[in-house]
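Before any comments, here is the structure.
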Amino acid sequence: LKFRHEHGRLVAMLVRRVGVRHIELVEDAVQAAMLAAVETWPRAGKPDNESAWLHRAASNHLIGELRSRARRDRLLERNTAPEEHVDAELPGLGGDVSDDMLRMLFACCEPSMPAESQLVLALKTLSGFSTAEIAARLFTTEANVYKRLARARALLRELPFAPDELEQELSARLAGVQSIGYVMFSEGHLSSHAEHAIRRELCDEAIRLVTLLAEHRVTATPETFALLALMHLHAARLSARHGSGGLVLFEEQDRSLWDAREIELGLAWLARSASGDVLSRYHVEAGIAAEHCLAPSFAETRWDRIAESYALLDRIAPSPLAKLNRAIALAEARGPDAGLAALDGLEPPSWLAGSYLWSAVLADLHGRSGHLEAARRHRDVALATAPSPAIRDLLARRLDYTSASGG
Amino acid sequence: VRVIDVTSTKETDMPKFLCLQRTLPGAQDGARPSPAQMQQMYAKFEEWRSKFKDNLVDLGGRLGSGRVVTAQPPPDGPFVELKEIVGGYMIVSAESLDEAADIARGCPGLVRPGSGVEVIEIRSP
């Protein structure tokens with residue numbers, strides 16, 4: 001039993017029963033139930049059904065709180081809200097918990113909220129992270145997370161998600177929910193700062209939530225399967241990125257460290273995603289990840305196919321990163337000049353132009369083409385803009401040949 | 001359900017100590033542990049409990065509200081509520097007061113800013 005996951009389940013179940021406007025009371029009740037468990041279980045022994053115990057404790061706490069609120073409102077003759085209906089006993093564990101989780105996830109992905117707020121809300125309610133834990137994972141301040149949560153909850157009170165129209169709402173919001181899952185995963189997968197364990201946790205959390213989508217009748221679409229495939233195929237290679245001496249270059253990764261189970265899962269979801277007539281960006285990205293996972297070595301990777309896939313991705317979801325990745329693949333398939341040619345005339349947006357990614361790739365391609373002056377110039381920018389010492393070390397090592405061969 | 005046998009000879013041989021958890025001035029009530037932290041608290045408590053299982057005679061519990069019963073009619077209040085001073089109790093067996101204090105100190109969450117423990121020997125007749 002994992003407290004964090006139990007928190008997500010309980011919040012989802014109780015919010016379903018009392019309404020999303022009471023989300024804070026629900027979270028308080030779940031917190032109180034867990035504290036009670038921590039205090040009671042060591043003394044009385046663990047209950048046979050821990051989930052049921054927590055559910056009962058949280059329900060009781062919540063009912064008590066709702067009742068005392070109703071009483072207080074009556075005493076103050078402040079019956080502004082319609083009479084609060086408090087069941088003597090909330091329904092038990094019956095019903096479909098994954099339905100409740102899905103409802104909660106969709107409620108978090110309120111389209112009128114900024115994406116960051118949706119992400120923060122999902123991490124708080126469904127993943128059971130505290131504001132401090134979320135701040136540490138998203139590289140922001142606790143005050144910022146707190147502010148976002150407060151606004152998000154206020155908005156949820158105004159725009160209650162209609163849980164009875166689940167099916168229509170689910171299909172209408174699915175793309176937004178998938179996108180939050182993707183962002184959550186990327187925060188773990190691409191972030192250059194966090195500790196490995198923390199990043200892994202975010203990736204696992206995203207996989208858990210998207211698996212809910214994949215297993216639910218209404219949200220089990222080919223795009224959902226492709227998204228889940230993409231996550232598993234990336235997760236498979238996560239642990240090989242860290243060696244004893246810090247970050248490991250992709251081309252130097254020990255492929256035997258790749259997680260075969262994750263690859264298997266990813267390929268199975270990818271196979272299931274190959275139906276219907278929509279080719280989403282998730283399909284293309286999962287396809288690229290699969291190419292890497294199936295290649296016996298860096299050199300034996302089918303770079304031409306990967307370059308084609310990035311070109312396709314750039315058509316479906318245009319992005320300078322897709323163009324940059326296509327150039328990298330082309331350089332492997334046909335040499336560095338082909339890579340440079342692909343980038344020729346491309347004006348990167350400022351966020352990319354100022355990032356180490358852009359200059360590191362240019363330094364590498366120029367260096368391999370023998371343009372040492374340009375290589376050095378880009379290398380200096382890359383080293384100066386590296387977001388962490390680990391990445392700086394990695395770049396210094398990778399781009400070292402420019403100075404060596406340039407003498 | 002675990003039953004602690006208070007009549008076992010091992011425990012009756014050793015002196016027993018009453019441990020009272022006391023709330024100290026400056027208690028922090030604000031920080032609420034996250035689910036992951038609560039899980040950790042639970043794990044630490046279990047670890048402590050199994051380490052000292054032979055010493056833990058009665059894990060006791062939290063104390064609620066109480067009443068003072070006296071022979072004379074009580075003087076005018078206000079009384080300090082019992083729970084404001086003593087939050088919980090437990091009984092441990094140990095060779096010495098020092099050992100009992102060490103056991104209590106090891107209990108996760110007991111000795112921290114705003115909370116301390118008073119360890120008192122229970123004299124056998």
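Not measured: the values here are computed from a predicted model. Sequence lines set the chain letters: A, B, ... in the order given, protein chains first and strands last, and positions in each chain run from 1.
In terms of heavy-atom proximity, A/Glu133 sits nearest to B/Ala36 at OE2-CB, 3.8 Å.
Of the inter-residue distances, the one linking B/Gln37 atom CD with A/Ser130 atom OG reads 5.5 Å to the nearest 0.5 angstrom. In this structure, CE on B/Met41 lies 9.0 Å from CZ on A/Phe3, to the nearest 0.5 angstrom. A distance of 8.5 Å separates CZ in A/Arg43 from CZ in B/Arg62, rounded to the nearest 0.5 Å.
For residues 24-33 of chain A, heavy-atom neighbours of chain B at less than 4.5 Å comprise A/Asp28, A/Gln31, sorted by residue number.
The side-chain contact (heavy atoms from CB on, under 4.5 Å) check on A/Lys2 picks up A/Arg4, A/His5, B/Gln39, with sequence neighbours excluded. Residues satisfying the side-chain contact (heavy atoms from CB on, under 4.5 Å) criterion with A/Arg200, sequence neighbours excluded, are A/Asp204, A/Ala235, A/Leu238, A/Glu262.
Each salt bridge (charged side-chain N to carboxylate O under 4.0 Å, His left out) pair with one or both residues in residues 113-125 of chain B, not counting sequence neighbours, appears once here: B/Arg22-B/Glu118.
Side-chain contact between B/Pro35 and A/Glu6 is absent, with no heavy atoms from C-beta onward closer than 4.5 Å. You'll find the side chain of A/Pro42 reaches within 4.5 Å of the side chain of B/Tyr42, heavy atoms only.
More than 12 heavy atoms of other residues, nucleotides or ligands shown are found within 6.0 angstrom of CZ on B/Phe52.
At a 4.5 Å heavy-atom cutoff, the contact between A/Leu35 and chain B is made by backbone and side-chain atoms alike.
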